[in-house]
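Structure first, commentary second.
By convention in this document, chain letters (A, B, ...) are assigned in the order of the sequence lines, proteins followed by strands, and residues within each chain are numbered from 1. All values below were derived from every heavy atom in this structure, side-chain atoms included, with hydrogens, water molecules and symmetry-related copies excluded.
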Amino acid sequence: MDNPWTDWKPLSNWRPDFESLLETLDGGQAFRWNREEKHSFSGIMGNRMVRLRWSPPNRVHLSTPSPPPGGLPLALENYFGNRKSYKILYDSLPWRSDPHLRRCMAAFPQLRILRQDPAETLLCFLCSATKQIVQIKEMLALLADRFGDRLPGGMKSLPSWAQLSQIPESDLRDCKMGFRARNIKGTARFLAETPGFIGEVGRLPYAEAREKLCQLPGVGKKVSDCVLLFGYDRLEAFPVDTWILKAMQRRYRLHDRSHRQVARFGRTHFGESAGLAQQFLFAWERNHARK
DNA sequence: ATGCAGGGCCTCC
DNA sequence: GGAGGCCCTGCA
């Protein structure tokens, strides 16, 4: 009846330690991966359900009921942000002069920025305001369960923006979305009236793309930077949430600086891949700075 | 029980 | 620009 799952296929261009893998899948970039056992996950990549299994010291194997043309590893390597050389990218960060960054990078040596679907990333981060990761995941799971399409393998996709535009706001509120429901509806309406918007953003330079995203209701500087970083592969996007603000004020002795000043410092200090640096800081703060 | 949380928006200064 | 209140919800 259902498509059989493929054999486990190894991922060749990414050999993460488990901490880096976990932090990449479940560290606030993506919200649709679920941990099944100690070292295995199920999740959705694009419109495909995938199972993923890590084995020591640094191997990732995966399987899907609906292999894409070109093969699953290829698609996943794209999803995991594979580029010419992640080594060069890591090396471009100012770790030589920044002991704190060096420490963060050492703790998650294979951390990556995902390349997720932009439209879906927008939806996820519209849900993120004042919410913890677990709550965001719960909201999105409810939304997918009630309004998404069943995918081979059993999980459901998130509803598309076209589908969202047909869903009453009260139904969204029933998915625990609260005031975010209004923003989702407003954005769905905007996107319905502005076909091509999502694609257009992708063609613009960073500053203009960000400005354009900020036209959407519920999207401000932070959310637009998350969407650009995790959905549009713009590594210069540097989202500053309250965690990063506090962390940077502490780690870089910027206690007297405003949010705006800290953001500017980060962009200047970390450079053209500031978003990647931010993810290292974030990962370290979440995992190692617990008091 | 009031307060607060990984944000945006509006108002007022 | 910057500060403060409000928007929902769940949990301490």
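Read 5' to 3', the first and last nucleotides of DNA chain C with an atom closer than 4.0 Å to a heavy atom of chain A are C/dG1 to C/dG10.
Annotation: C/dG1 and B/dG6 have their P atoms spaced 27 Å apart (nearest Å).
Residue-level contact check: A/Thr130 touches the bases, meaning some heavy atom is under 4.0 Å from a base atom. At the heavy-atom level, A/Phe282 lies under 4.0 Å from base atoms of the strands shown. Heavy atoms of A/Arg182 sit nowhere under 4.0 angstrom from any nucleic acid atom. Contacts of A/Ile244 with the nucleic acid, taken as non-hydrogen atoms under 4.0 Å apart, are absent.
Secondary-structure stems of DNA chain B, taken as three or more successive Watson-Crick or G-U wobble pairs (i with j, i+1 with j-1) under a 3.5 Å distance threshold, comprise B:2-5 with C:9-12, B:7-13 with C:1-7.
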- Should A/Phe31 and A/Phe125 be marked as a ring pair (Phe, Tyr, Trp, His ring centres under 6.0 Å) after you check the CA-CA gap, both sets of side-chain angles, and the distance that decides it? CA-CA 10 Å; A/Phe31 304 98; A/Phe125 282 93; 5.3 Å; yes
- Task: Step by step, work out the salt bridge (charged side-chain N to carboxylate O under 4.0 Å, His left out) result for A/Asp225 and A/Arg267.
- Result: CA-CA 12 Å; A/Asp225 269 338; A/Arg267 290 169 193 282; 3.0 Å; yes
- Item | Worked check of ring pair (Phe, Tyr, Trp, His ring centres under 6.0 Å) between A/His61 and A/Trp54 | CA-CA 6 Å; A/His61 290 259; A/Trp54 179 88; over 10 Å; no
- Query: Tell me, for nucleotides 8-13 of chain B in 5' to 3' order, what letter each nucleotide earns: B for a base near a protein heavy atom under 4.0 Å, S for only sugar-phosphate near one, - for neither?
  - Reply: SS----
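Relative orientation of the A/Tyr252 and A/Phe265 rings is tilted, given thresholds of 30° and 60° on the angle between their planes. Ring-plane geometry between A/Phe197 and A/Phe190 is classed as perpendicular, the angle between the planes exceeding 60 degrees on a 0 to 90 degree scale with a lower cut at 30.
A/Tyr90 pairs with exactly one of A/Phe280, A/Phe108, A/Trp95 by the ring-ring contact (aromatic ring centres under 6.0 Å, His included) rule, that one being A/Phe280.
Around the CD atom of A/Glu211, the shell of radius 6.0 Å holds no more than 12 heavy atoms that belong to other residues, nucleotides or ligands.
A/Gln132 has a side-chain polar atom (N or O) that falls below the 4.0 Å cut-off from OP1 or OP2 of B/dG6.
Salt-bridge formation is detected for the pair A/Glu138/A/Lys176: a Lys NZ or Arg NE/NH1/NH2 atom is positioned less than 4.0 Å from an Asp or Glu carboxylate oxygen. Looking at A/Lys137 and A/Asp26, a side-chain N of the basic residue comes within less than 4.0 Å of a carboxylate O on the acidic one, giving a salt bridge.
Following rounding to the nearest Å, A/Leu245 (CG) and B/dG6 (C1') show an atom-to-atom distance of 11 Å.
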